[in-house]
Engineer: 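Sending over a structure as structure tokens; questions will come in a sec.
Values below: every heavy atom of this structure, side chains too, minus hydrogens, waters and symmetry copies. Residue numbers start from 1 in every chain, and the chains themselves are labelled A, B, ... in the order their sequence lines are given, proteins ahead of strands.
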Amino acid sequence: ETTIRIAHATPETSPIHKSLEYFEENLEKRSNGDFDVQIFSGGQIGSVNEVTELVQIGSIQMTMGASVLLSSVVPEFNVLDTFFLFNDKEQARRVLDGKGGDMIKDAMEDKGFKGIGFFERGFRNFSNNRAPLDSVESFQGLRMRAASNPTQIAAWKSIGAAPMPLNWGEIYSSLQQGLIDGQESALSSIYIERFFEVQKYVSLTGHTYTTEVWFANKEFWDNLSPNQQALLSEVAKETVELQRELTVKENNDTLDTLRKQGLLINEVPVDVKKALGNTINTTIKDDIIKRVGQSFYDDFMDQL
Amino acid sequence: MNLLRKLDENFEPALIIASVSLIVVLIFTNVILRLFDTTLPWAGELSRYLFVWMVYLGISYGIKKKRHLKVSVLFDILPRKASLVAQIFSDLLFLAYSFVVLYYGYVITAKAISRNQIAPAMEVSVGLLYAALVIGSLLSIIRLLMSINEHCGNWNTSEEAQ
Amino acid sequence: MTILILFGSFILLMLLGLPIGIALGSASILTILSLPFLSLEFFTLGLISGLNSFTLLAVILFTLAGNLMSQGGISDRLLKVAYAFFGNTKGGLGTVTIIACLFFAAISGTGSATVAAIGLAMIPAMVKNGYDKPYAGAMVATAGGLGVMIPPSVVMIVYAVTAGVSVTSMFIAGIVPGLVVAAILIIYNLFQSKQFDSKKQHFDTSWGAKLTAINDAKLSLLMPILVLGGIYSGVVTPTESAAVAAVFGFVLSVFVYKELSIKRVPKIILESALLVSSVLIIVGASVAFGRIMALENVPTIIANFVINLTENKILILLSINLLLLIVGTFLETLAAIVILTPILLPVVVQLNVDPVHFGIVMIVNLAIGFVTPPLGANLFMAAQVGNIKYEHLSRAVIPWIIAMLFALMLITFIPTISLLFLS
Ligand code: NA
Ligand code: NA
């Protein structure tokens, strides 16, 4: 019997956890009990970065994490930090399920990981307490939470915002007490992390697409028989599809819920998005190329 | 000899005091800078790294200063010599523990360096964080050997006293 | 089997006189050796992640601030204000200590930081006024646990996210239970402090003395205002407020009151660091310990056993409380919430227990876990701060735990205490 321990950092109500339950049930059933899948939710085994290291040493067989968190381990993920990289989720899925995704998976192999699939968090948007963000000027002086990552800080500064590095767990209190005006994250996070209780405006900037890369320890993968690998890949593919469906539904539900909670939701005009994207990408492009390498960058952009 | 004694007294303390002072300065500076809507993005990360170093240096120095929290009931109820044996035995277990942490601390440090794992804000190797375990347990080993030596010395003194 | 190795070797090594953190770490190492799928790197990585946290930085900063305050004349001045108001009332110093913990808890959010900052000033002061030292230490350790019940509380945010309830509701629901627990501790102290009253000093509590005390302490009184005000006005995070407190304490003691020579500051820093290291080594080891328990499904197995024992609502709630107390003793608070909430919440919801109310019950249980031996984070801190033997403190804390259990029963079976201000 092969045991697969999967640890992740999302609650049991999340699309990721629900689809992993599908993975567990189907893999165990269809392998006639050859596989034993155990899921540990909510960060109980550690944060994304900690569990990533546990996967690297083989104590945990699988996990998943947002590309922005994993880029300190696999720098090639930085390419996904490019603003307005994908026009829509269909394009993102096509690239990530195709050669673009394969390039990223190859880069992961050098670090001891086997990429399994690309879960979806969706596009990131802004929420804040000051005013709807609908022009380039409206970002001026916006005190926003940022990950403590120099590229991101430079990005936010270039559009005039005032980024404050804070841990994910500190966001709620900081919004409530007015330490920051706003934050940016996937729509579902605004709901799951209860930010909507302390925010007034949601602006659909859709500035970056967040994928949660699902990966395994490479040695674990290589030790599976070809039949096991084939079955696992098959069930994994269904799992990713299910997760994406659940995410789309969740994002739609979240929008409804946020409206019902009295938040003001606004679209951001296309020319504003373009202007923001140009400013930011000009600022961070060299940095991204430096991290991922020119040829990787060019090849990936060709896949768009 | 004089130099050794100075190191014995001051090695960990100097590093510990520097780390804590730097933590205070960094975090305080960021509070002030934020009043002007700016920030040192790496200050929080550096503070955490210094903090972990402070704890592991403190563990080693705590052996010298006998500051570790323990249940000392056994040492108290045993007769003097048996108590010394028990204390030496406990130091030996601590020593074994420190060797495990030294080796596996080294393993994760070496891997972090060879895999080029980077701290996102400071853009330095995560190995600098993990090395706190290596240096900390190395110093602990030295402090434990000194402590065992001291217990052995007490053995003879107590003999003479009787 | 795993449970036996994990707990058995921990208790044995601890009784052999190994430092508690090292006993905990060694137990984790032995367990990992018995589990072929885990390597010892799992342990060393846990040692790091347990400490690599911005929130924990508050512990060293508040400890440093507390030490600077008590050696630089700030605590003395604040204490004189307390004496002028409550010096001659029954159990006055104890009441002051518990109320100070309540306020401080609200800002620091971590039990050990509360125990360090308040304990450094109040344990010696209480001892000077005739209180028994372990008794004073146990009081601060217990009251220090109030931190998780008074908003803003990271523990409550994590529960709200895990259970899918409103953070704001949790914050509102926590206030009255926090006050109830504080009141019960104060009442308990009123009864107990009779035995210490004979040894007490007499204080001048005239209005003149009150005004003089306040006037002498006017700059010192800025300290709590600066820290509390800084957080509630959104200028600083709790960890940052600790740094502000340390800097303010330094400037006030060295340059304004001039009661602390700058040459002594390095020694105070070192003392603070040693104190914190000796406690936090246990925190680091407990992270690895807790993860092994989680991977081996220990909490889940015990939880499922407990909820299947009976169908009687009262008995189920009692056994859940018992489970949380045991788990709270051994598992880190946030991990306990993430693991147990999904298992227990559906059970209690079926019994018509409000999820917000249950969250408060859970958090009170885990607050008690801070002071339950053998693994009580607040006990460790109080032992170090008050220079009290751990086994003496473990004995002295038992009546305080019973007082907390009484509060827990009230909060469990009278939902209104938690839900009073929620429509
Ligand atoms: Na609190
Ligand atoms: Na405990």
Side-chain angles (χ1 to χ4, degrees), chain B residues 12-14 16-17 19-21 23-28 30-31 34-35 44-45 47-49 51-52 54-63 65 67-76 86-87 89-91 93-94 96-98 100-101 103-109 111 129-130 132-133, chain C residues 13-23 25-26 29 39-45 47-48 51-54 56-57 60-61 64 230 235-236 239-244 246-247 250 265-267 269-270 272-284 374 380 383-384 389-391 394:
Chain B
E12 293 105 324
I16 289 172
I17 293 164
S19 306
V20 177
S21 313
I23 292 173
V24 176
V25 170
L26 284 169
I27 298 181
F28 188 74
N30 249 0
V31 174
R34 199 169 45 229
L35 299 176
E45 196 174 73
S47 301
R48 283 189 281 115
Y49 276 39
F51 178 65
V52 173
M54 179 210 89
V55 171
Y56 282 99
L57 293 168
I59 288 167
S60 157
Y61 199 64
I63 299 170
K65 290 285 171 189
R67 287 292 298 268
H68 279 289
L69 207 56
K70 55 180 77 167
V71 175
S72 55
V73 124
L74 186 70
F75 304 154
D76 296 343
Q87 289 181 48
F89 183 65
S90 144
D91 278 351
L93 288 174
F94 196 162
Y97 170 89
S98 302
V100 173
V101 176
Y103 180 72
Y104 286 94
Y106 165 75
V107 171
I108 59 170
T109 309
K111 278 190 184 170
L129 175 65
Y130 296 164
L133 288 180
Chain C
L13 291 167
M14 192 172 69
L15 292 177
L16 279 176
L18 212 56
I20 294 167
I22 307 300
S26 305
I29 291 175
S39 81
L40 284 169
E41 291 165 59
F42 179 83
F43 175 66
T44 42
L45 282 170
L47 283 185
I48 294 286
L51 300 174
N52 186 14
S53 127
F54 197 69
L56 276 185
L57 276 173
I60 177 66
L61 296 170
L64 177 60
V235 179
V236 291
T239 302
E240 289 171 346
S241 81
V244 174
V247 172
F250 170 74
V265 172
K267 201 167 167 0
I269 296 179
L270 182 64
S272 311
L274 282 182
L275 197 156
V276 169
S277 306
S278 62
V279 173
L280 288 195
I281 180 185
I282 306 170
V283 174
F380 300 143
Q384 292 295 52
K389 272 202 166 191
Y390 186 64
E391 44 282 33
S394 298

Engineer: Contact part of C/Phe250 toward chain B, heavy-atom cut-off under 4.5 Å: side chain, backbone, both or neither?
Structural biologist: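 Neither the backbone nor the side chain of C/Phe250 comes within 4.5 Å of chain B.
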Engineer: So what's closer than 4.5 Å to chain B heavy atoms on C/Val235: side chain, backbone, both or neither?
Structural biologist: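 Both backbone and side chain.
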Engineer: Measure distances from B/Val107 to the heavy atoms of chain C and classify the residue's part below 4.5 Å as side chain, backbone, both or neither.
Structural biologist: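 Contact with chain C: side chain only.
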Engineer: Name the region of C/Ser272, side chain, backbone, both or neither, that has any atom closer than 4.5 Å to a heavy atom of chain B.
Structural biologist: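 Nothing of C/Ser272, per the 4.5 Å heavy-atom cut-off to chain B.
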Engineer: Just jot down the side chain to side chain contact (heavy atoms under 4.5 Å, CB included) partners of B/Phe28, sequence neighbours excluded, or say none.
Structural biologist: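 B/Phe28 satisfies side chain to side chain contact (heavy atoms under 4.5 Å, CB included) with B/Ile32, C/Val244, C/Val247 only.
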Engineer: With a 4.5 angstrom heavy-atom cut-off, could you sort out which part of C/Glu391 is near chain B: side chain, backbone, both or neither?
Structural biologist: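 Contact with chain B is through the side chain of C/Glu391 alone.
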Engineer: How close do B/Tyr97 and C/Ser26 get, counting heavy atoms only, and between which atoms?
Structural biologist: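 Nearest pair, atom of B/Tyr97 first, then C/Ser26: CD1-OG, 3.5 Å.
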Engineer: What residue, out of B/Leu74, B/Leu57, B/Leu35, B/Asp91, has the most heavy-atom pairs lying under 4.5 Å from chain C?
Structural biologist: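 Sorted descending by pairs with chain C, the first entry is B/Leu74.
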Engineer: So which heavy atom on B/Ile17 is nearest to which on C/Ile269, and how close?
Structural biologist: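 Between these two residues, the closest heavy atoms are CA-CG2, 4.0 Å.
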Engineer: Compare every heavy atom of B/Ser90 with every heavy atom of B/Phe75, then report the nearest pair and how far apart it is.
Structural biologist: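 The pair with the smallest heavy-atom distance is CZ-CB, 4.0 Å.
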Engineer: Please classify the contact of C/Ile282 with chain B as side chain, backbone, both or neither, using a heavy-atom distance under 4.5 Å.
Structural biologist: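 Looking at C/Ile282, just its side chain touches chain B.
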Engineer: Side chain, backbone, both or neither: which part of C/Leu64 has a non-hydrogen atom closer than 4.5 Å to chain B?
Structural biologist: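 Contact with chain B: side chain only.
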Engineer: Would you compute the distance between atom OH of B/Tyr130 and atom CG of C/Asn52 and round it to the nearest 0.5 angstrom?
Structural biologist: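 Here the rounded value is 8.0 Å.
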Engineer: With chain C as the partner, which of B/Glu45, B/Met54, B/His68 has the greatest number of non-hydrogen pairs under 4.5 Å?
Structural biologist: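 The residue among B/Glu45, B/Met54, B/His68 with the greatest pair count is B/Met54.
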Engineer: Pick from C/Leu16, C/Leu57, C/Ile281: which one has the most heavy-atom pairs with chain B under 4.5 Å?
Structural biologist: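 Top count of heavy-atom pairs under 4.5 Å with chain B: C/Leu57.
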Engineer: Say you draw a straight line from CD1 of C/Ile22 to CD1 of B/Ile59; how long is it, rounded to the nearest 0.5 Å?
Structural biologist: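 Result: 6.0 Å between the selected atoms.
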Engineer: Looking at every heavy atom in both B/Arg67 and C/Gln384, which two are closest together, and how far apart are they?
Structural biologist: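 In this case the closest contact between B/Arg67 and C/Gln384 is O-NE2, 2.7 Å.
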Engineer: Specify which of C/Leu45, C/Leu15, C/Leu13, C/Val279 makes the most heavy-atom pairs with chain B at under 4.5 Å.
Structural biologist: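 Looking at each option in turn, the highest pair count goes to C/Leu45.
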Engineer: By a 4.5 Å heavy-atom criterion (distance strictly below it), what part of C/Ile20 contacts chain B: side chain, backbone, both, or neither?
Structural biologist: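 Both parts, backbone and side chain.
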Engineer: Output the distance between atom OG1 (C/Thr44) and atom OH (B/Tyr104), rounded to the nearest 0.5 Å.
Structural biologist: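 So the gap between those two atoms works out to 9.0 Å.
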Engineer: At what distance, to the nearest 0.5 angstrom, does OG of B/Ser72 lie from OH of C/Tyr390?
Structural biologist: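 One finds 12.5 Å between OG of B/Ser72 and OH of C/Tyr390.
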Engineer: Sort out for me which of B/Ile27, B/Val55, B/Val25, B/Leu69 touches chain C most, counting heavy-atom pairs under 4.5 Å.
Structural biologist: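 Between B/Ile27, B/Val55, B/Val25, B/Leu69, the count favours B/Leu69.
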Engineer: For chain B, find which of C/Ile60, C/Leu61, C/Leu280, C/Ile29 contributes the most heavy-atom pairs closer than 4.5 angstrom.
Structural biologist: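 When all of C/Ile60, C/Leu61, C/Leu280, C/Ile29 are compared, C/Ile60 has the most.
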Engineer: What's the shortest heavy-atom distance between B/Arg34 and C/Val236, and which atoms?
Structural biologist: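 Scanning both residues, the minimum pair turns out to be NH2-CA, 3.7 Å.
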Engineer: Under a 4.5 Å cutoff for heavy-atom pairs, which residue among B/Ile63, B/Val71, B/Leu133 has the most contacts with chain C?
Structural biologist: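 Greatest number of close heavy-atom pairs with chain C: B/Val71.
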Engineer: Counting heavy-atom pairs under 4.5 Å to chain C, which of B/Phe89, B/Tyr61, B/Tyr103 comes out on top?
Structural biologist: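 Ranked by heavy-atom pairs under 4.5 Å with chain C, first place is B/Tyr61.
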